[in-house]
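Accompanying notes for the structure given below.
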There are 4 protein chains.
Amino acid sequence: MNSLISLRKKPTQKRSSATVAAILEAAALILETSGLENYNTNEIAARAGVSIGSLYQYFPGKDAITRKLIAREMEQLRDTLADVAFLHSGHSGLHHLLAAAINCQLRRPVLARVLDLEEARLPPDEDVERLASQIDKIVHRCLAAPDLPESARAPEAVGDIVAIIKGMVDAAERRGETDISSLTSRVSKSVFGYLGCAP
Amino acid sequence: MNSLISLRKKPTQKRSSATVAAILEAAALILETSGLENYNTNEIAARAGVSIGSLYQYFPGKDAITRKLIAREMEQLRDTLADVAFLHSGHSGLHHLLAAAINCQLRRPVLARVLDLEEARLPPDEDVERLASQIDKIVHRCLAAPDLPESARAPEAVGDIVAIIKGMVDAAERRGETDISSLTSRVSKSVFGYLGCAP
Amino acid sequence: MNSLISLRKKPTQKRSSATVAAILEAAALILETSGLENYNTNEIAARAGVSIGSLYQYFPGKDAITRKLIAREMEQLRDTLADVAFLHSGHSGLHHLLAAAINCQLRRPVLARVLDLEEARLPPDEDVERLASQIDKIVHRCLAAPDLPESARAPEAVGDIVAIIKGMVDAAERRGETDISSLTSRVSKSVFGYLGCAP
Amino acid sequence: MNSLISLRKKPTQKRSSATVAAILEAAALILETSGLENYNTNEIAARAGVSIGSLYQYFPGKDAITRKLIAREMEQLRDTLADVAFLHSGHSGLHHLLAAAINCQLRRPVLARVLDLEEARLPPDEDVERLASQIDKIVHRCLAAPDLPESARAPEAVGDIVAIIKGMVDAAERRGETDISSLTSRVSKSVFGYLGCAP
DNA sequence: CATGAATGAGTGTTCATTCAT
DNA sequence: TATGAATGAACACTCATTCAT
């Protein structure tokens, strides 16, 4: 299940993958601390303790780094959701799913928000779209549980629910909210209300 | 009711205000067609059929144009919401408010979305913040109606509801959805569910 | 003895000459307060309470304003020196000349210094050169007095003495010196020393 | 004894320092031939046979180049004066100092004069001020010699003498004078006269 | 004569990307 | 493979000057 994001060389060797990781983490750190302001390849390479030349050996360009960062976050979300979906199902499963998604988004909230913005700005990426559809599929499976109302099977349901979560969590983060449980409960009310059943 | 966004000179004369309008419309058009890709002052001036010097006679910088665009959209939203809020109230008022907000966001959906992104990237602007608080106030007044549940008076309610609307509408637009009535109904379900009452 | 600096129209009428004066004084003020930083035609016109179009009716360009400013200062110096030279002569005359020159340079010291810099930067101007030669002539006549040593008649004497005065006064002004009498005495020592006679 | 003027990267390698030198020499050449007229970063880079990007790798901005040029001239003056001051002292030392200073100023006279102008226009720079105070110190030590009159120890003495030298040399250069020994002798008369003793 | 909107060449600066070493 | 010096297209912004009204 290796990523298909085009790396100029596959980081099969230890040193290579360490370099890739350093670059990605440096990029993430810059986005978190100074936003897009200082997000440029020279700065990324410098903070990663790597030469700009090396950066271009592992990534075909700046956007590829951003995309890989987006993919990394989405993989994490996918795996988290998959774990939850495997353990629970139906009404209670959706509850856990929401909580898990909110937690994911709030792990590195600033990074998550900036990456969302960049994702909108970037040309569509195969790898990212594949991950998005995987996540959609997981959510869809959860929504298909028999104890959830018919509306949960509607084709827009997954997109709507993901939009509600992202929208509310991003806004809360931007307002500086910290009470995760309150936020989770409000998101739940919205989502279950959307589906037409009590949380 | 004039905007306070600082223009270098007030467009009191006809030619001036026409130039300002042309610049803003050109900027909006670029954002809608090529996104941030070709959004630069030279391109804006060119598409406005105006010299780059004229652009800088009326706007102190590129960001000021973007901010004015944001303010323009927000003013429209504010005025639309104010009209609705004046006519209706309570449960039905909220319904109309949602419909109005969705309509606003969908008038020039791509522009609205890009401007949302830019608003997040730009340093906070007094004018924009004033408009945001005016809109918040209108929504707040609507939510304070006695036939709406207690939860509508919660301090986060306004922010949450705005986030739900924007999130869902943006996502729908990005998926290419066109059925406004379906979208409006789904948003309503989410918002009224959030408040804990039936739409 | 009207200036030959090319004005687009001769300010024969009262209103015209008032406009010219306002422009020149605005230019002088800007140079004094913000230096060359904000020294541009739009700013000059604005501070003069005159439209940029009017400015170009009375001056062929920015440099012409600067040159006229330089000429104005030089005319003042010339007239002051001429008065002094008419009353005194020889050793005592030179004393008075020095004092007069220093006083002139210190009337608007910042302006004088900036104009000196600009004079060096500007292409040579007929009008300015004529004034310079007039001033030279006056100094020369003073130096030709029989009680001054032979060296005072040397061809470089005038230039050297003017250079000493300007150099010392500018430097003193830049250091923030205010004691004119001390400065005058030191300049005298230098100049009379240069000539090889006691002050 | 390296300059503290901030370079973006230290030119430790050969190619780097060659680039820096080329940029500085190109800048100096432009100032000498066309003055401030064509003194812009693109022209500097072009004449240095270097891309505009390289220029900005080694200098944070245009002014930094000018400052470095100023510093370079001052360093040369400082070192020259230091050598002289080490060998001679008192009356004869001052003689040698004057000659050395004049020689320095006349090595690249046009450049020296333009840089003097720019120094006045630029915001005060730590590096330049440090060099100025070092030069002042050297001159001051020379003036403190016991065989020189009391007046040489006056606080304004150093500033006055430097002003006399610069003023006379610049003016001479502008008149196209070439006889250094005559100029030196006249400056000496002025300076020693200023101090109240025979050359 | 006066106005000031409009012009556009010019300039400083950034940053993604390449390539010789 | 790694390095980092070099590149140059692209961009934001200024300001002297013109000209229609």
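So you know, we letter chains A, B, ... as the sequences are listed, proteins then strands, and number each from 1. A quick note: this is a predicted structure, and the numbers were derived from the prediction, not measured.
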Sidechain N-carboxylate O distance under 4.0 Å for A/Arg130, A/Asp127:
yes

To the nearest Å, how far apart are D/Ile65 CD1 and E/dT13 C1'?
12 Å

Could you identify the nucleotide paired to E/dT14, looking across every strand shown and requiring Watson-Crick or G-U wobble geometry with both distances under 3.5 Å?
F/dA9

Does a nitrogen or oxygen in the side chain of B/Ser54 sit under 4.0 Å from OP1 or OP2 of E/dA5?
no

Looking only at heavy atoms, which two atoms of C/Leu117 and D/Leu117 are closest? And how far apart?
CD2-CD2, 3.1 Å

Less than 4.0 Å between a side-chain N and a carboxylate O, is that true for C/Arg47 and C/Glu43?
yes

Judged by each residue's nearest nucleotide on DNA chain F, which is more toward the 5′ side, C/Glu37 or B/Glu37?
B/Glu37

Ion pair check, D/Arg121 and D/Glu118, cut-off under 4.0 Å
yes

Can you check the D/Leu36 CG to E/dT11 P distance for me, whole Å?
12 Å

Quick check on DNA chain E: between C/Gly53 and B/Gly53, whose nearest nucleotide comes earlier from the 5' end?
C/Gly53

Counting C-beta onward and ignoring hydrogens, is there a side-chain heavy-atom pair between B/Ile65 and B/Lys62 closer than 4.5 Å?
no

Applying a 3.5 Å limit to both distances, which nucleotide forms a Watson-Crick or G-U wobble pair with F/dA20?
E/dT3

Using atom NZ of A/Lys62 as one end and atom C1' of E/dT14 as the other, report the distance to the nearest whole Å.
11 Å

Toward the 5' end of DNA chain F, which comes first, B/Glu43 or C/Tyr39, by nearest nucleotide?
B/Glu43

For A/Asn40 and F/dA9, what is the distance between atoms CG and P respectively, to the nearest whole Å?
20 Å

Below 4.0 angstrom from OP1 or OP2 of F/dG8, is there any side-chain N or O of D/Tyr56?
no

Remember a base hit wins even if backbone is also touched, and classify C/Asn42 as base, sugar-phosphate or nothing at under 4.0 Å, heavy atoms.
base

What is the separation between atom CD1 on D/Ile44 and atom C1' on E/dG10, rounded to the nearest whole Å?
15 Å

Closer than 4.0 Å, any side-chain N/O of A/Gln57 to the OP1 or OP2 of F/dA2?
yes

May I have the distance from D/Leu55 (atom CG) to F/dA6 (atom C1'), rounded to whole angstrom?
12 Å

It should be established whether B/Thr41 places a side-chain nitrogen or oxygen under 4.0 Å from OP1 or OP2 of nucleotide F/dC11.
no

To the nearest Å, how far apart are B/Ile52 CD1 and F/dC15 P?
15 Å

Quick check on E/dA6: is either OP1 or OP2 less than 4.0 Å from any side-chain nitrogen or oxygen of B/Thr19?
yes

Which whole-number value in Å describes the distance from D/Asp63 CG to E/dG12 C1'?
10 Å

